[in-house]
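These notes are about the structure you will find just below.
Below, chain A is the first sequence line, B the second, and so on; all start at residue 1.
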Amino acid sequence: MWYPRLASDRVLRACPVEAPFALTLKTDNTERVYCLNARAEAAGLRRGMRFTEARGFCADLQSAPARPDLDARFLTALRRWATRYAPWVGPEGRDGLVLDVTGAAHLWGGEAEMLDDMRDRLDRAGLSVRLGLGDTRGAAWALAHHGEGIAPPGAALEAIGPLPVAALRLDEDMVTRLQRLGLRRVRDLAETARPPLARRFGPGLLLRLDQALGDQPEAIEPEPDPPSYAVSLSLPDPIGLTADVMAGVERLLDRLCARLAAQEAGARALQLSLRRVDRGAEQVTLRLARAMRDPARILPLFERGVAGVDAGFGIDRMRLEAVQVEKLPVQQLGTATAGRDTARLDDLITRIGARIGIENVQRFVPVDSHIPERSFRRVPAAGSAPCSGGWSGHPPRPLRLFSPEPIPGTGPRPPDRLRWRRMTLDVARAIGPERIAPEWWHEDAAWRSGLRDYWRIETRQGRRLWLFYTPQQPGWFVHGEFA
Amino acid sequence: MTRSLDSFPLRPTRVHDASGPDATGFAVAACAQAGGDVLWVHERWHASAINPAGLSRFFDPANLLCAVADDPADLLAVAEEALRDGAVSLVVIEISRPLDLRLGRRLQLAAKAGGSTGLCLTPEGGGSLAAETRWHVAPLHDAQSANSTLMRWTLIKNKSGTEGAWNVRWDHAARRLDVVSPVGERPGSAGVPG
């Protein structure tokens, strides 16, 4: 199954153009024609020519940039569609599909009828297609690319014999060299003595010939479908009660989780789409603290989201999709669960995260830095393991840190009496200084004032404060408070 | 007369209040006593952030989870959810406005259902009527030793028990709380009947 104009057909399906049309791709700094529609080809344009030249040939040429990635996706979609004819479908190059229809053709009433059906359906979809059918993959390719047809079983040579040698999937260079020798058709090649050919052109040529004639096997490699983690449920009558919707979600979850378990995967984010009778749709998104596939644990987490849904005149279709999936290998019970009971905590994180955003539930991880503000980092608790250790206990650090608050004071020794937050405090004991130098490799506006000499101040009133003095730009600041 | 500190550790499955200049120290000591995972709920604008390097002298910061809420409604919802769930042993709630009786009662019911303990850090003089106990916590100057964490804990409300005041000190090495001496016998402290 060859789609000679796959790329342009794809674009023109979306916006039909009644004029010569070309897709251009920039290669080697030149815009070149990538794909053409039939009218452009009739106007004498061909692939690979410069786009400026092509416009010179054909003044009313319309164009668009080519998107090979979208073409590949489109071919994947076609591959999925083609499985309606046969279970084994593989891609063939950039713009073709190969189907193993052994034992499938009679379901359509015969080979010719099956090809007619394919052509009909693709015509309606606006795709031009060339079909070839043969005993071997090589013969089918030859027929699809060079005059369509069906090669009867066991008679591949009769069918492809009159075709040019290019039909054997050879590169252009080899085709030219063969033509120079006068070997223009496949039949000529098949009738020539093999050893000289092998000596002159290498084993590749004979391999292709044998593959086309069925003397060498060639298999189709069907691509496995990527597992889809979406399930849906249609209801004969619309429902509106929260309990009913939850029952539906439970059924969907059971199916989805079975699918996840088969792939040893777990869902990190789930999306529930509820379609209402009036064609409106409601979405409930659930982001989980870690990958899960246990329906009994996921179901209660949906309760809050489902309760907030406006059911309108009723919901008649539900679809549940695992939008984000992670590997979740099977674990041996016992050893892994002996540590902390993280499952309950993860559920709590998920439930809180559903309200305030899962990234707002955080835990602290130590960072190797002497700068007090930078000696720790807040990371989302979901998906991060608690890490104990790494906190330096010496010298003591305050319980609370605030952005530095300037206080009056001069000189490198802490003042005997300080005014802070409209309080007058008498210094009873000052411990320090502890000098902390800014990290020059970080640009930090708060540390522009240079070195800091930190003092731990105990006041007669009780408050224990963390003060610092900046010797390079003299000034005193309160930075934190101890317990 | 010596009286032991019988209302601490905090009575479980209830919600308590603490205020005063050293309420954070009280909360951290409560976290250390509670053991297990602890959730600390605060609002985003809260300027004075807790410093895990300072906490590590009380308990392992790996046991601490922080929830950052955008507004007071979210704050209370998160706290209620966590109390009702019971996966964490203590929920510390930094509230900026006094709770009315209804909200305070809601938290109490949630704590009872989930079996975890709650501690509200309230602004001075703004406790909830529903609180089980209310503490006022002030740091004290310790003339004897440097680097001390001497505090005065005053129990100003107790639903099932008597009130009182204690001078306590956190022992960093042993990670436990020492009751220094009953108030009234120390020079310089006010004569609160002990």
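- Taking CZ from R84(B) and CZ from R351(A), the interatomic distance works out to 10.5 Å, rounded to the nearest 0.5 Å.
- Comparing G480(A), S375(A), P398(A) by how many heavy-atom pairs each has under 4.5 Å with chain B, the most go to P398(A).
- If you tally non-hydrogen atom pairs under 4.5 Å between each of A87(B), A69(B), P61(B), C66(B) and chain A, the highest count goes to C66(B).
- For chain A, the nearby parts of A146(B) are the backbone and the side chain; heavy atoms of each come within less than 4.5 Å.
- For K157(B), the NZ atom is densely surrounded, since the number of other residues' heavy atoms within 6.0 Å is greater than 12.
- At a threshold of 4.5 Å between non-hydrogen side-chain atoms, the residues L399(A) and I50(B) do not count as touching.
- Per-residue heavy-atom pair counts under 4.5 Å with chain B were compared for R400(A), Q362(A), E359(A), and the maximum is reached by R400(A).
- A distance-only check finds no donor-acceptor pair linking the side chain of R463(A) to the backbone of A138(B) [under 3.5 Å].
- Within 6.0 Å of CG in D310(A) there are more than 12 heavy atoms belonging to other residues, nucleotides or ligands.
- For the residue pair H42(B) and R378(A), the shortest heavy atom distance occurs at NE2-NH2, 3.3 Å.
- Side-chain contact check for N51(B) versus F376(A): some heavy-atom pair is nearer than 4.5 Å.
- Atom CG of L425(A) is separated from atom NE2 of H141(B) by 12.5 Å, given to the nearest 0.5 angstrom.
- Looking at D74(B), both its backbone and its side chain come within 4.5 Å of chain A, counting heavy atoms on both sides.
- Annotation: maximal heavy-atom pairing with chain A below 4.5 Å, among D60(B), V78(B), L65(B), occurs at L65(B).
- Other residues, nucleotides and ligands place no more than 12 heavy atoms under 6.0 Å from the CZ atom of R287(A).
- Put simply, the side chain of R429(A) gets close to the backbone of D142(B): a donor and an acceptor are under 3.5 Å apart.
- For CZ of R417(A), the number of neighbouring non-hydrogen atoms (other residues, nucleotides, ligands) closer than 6.0 Å is 12 at most.
- Heavy-atom proximity under 4.5 angstrom to chain A picks out P21(B), D22(B), T24(B), G25(B), V28(B) from residues 11-35 of chain B.
- The environment of CZ in R102(B) is sparse: at most 12 heavy-atom neighbours from other residues, nucleotides or ligands sit within 6.0 Å.
- Annotation: maximal heavy-atom pairing with chain B below 4.5 Å, among E373(A), Q461(A), R355(A), E481(A), occurs at R355(A).
- With contacts defined as side-chain heavy-atom distances shorter than 4.5 Å, the pair D85(B)/I352(A) does not qualify.
- Within the structure, every pair that satisfies the ring-ring contact (aromatic ring centres under 6.0 Å, His included) test and touches residues 52-106 of chain B, not counting sequence neighbours, is listed here: F58(B)-W170(B), F58(B)-H172(B).
- Of all the heavy atoms in N147(B) and R456(A), the pair that sits closest is OD1-NE, 2.8 Å.
- Smallest separation of non-hydrogen atoms from S145(B) and E458(A): O-OE1, 4.3 Å.
- Interface remark: of the candidates A67(B), S148(B), G86(B), P52(B), P52(B) forms the most heavy-atom pairs closer than 4.5 Å to chain A.
- Heavy atoms closer than 4.5 Å to chain A are found nowhere in L75(B), neither backbone nor side chain.
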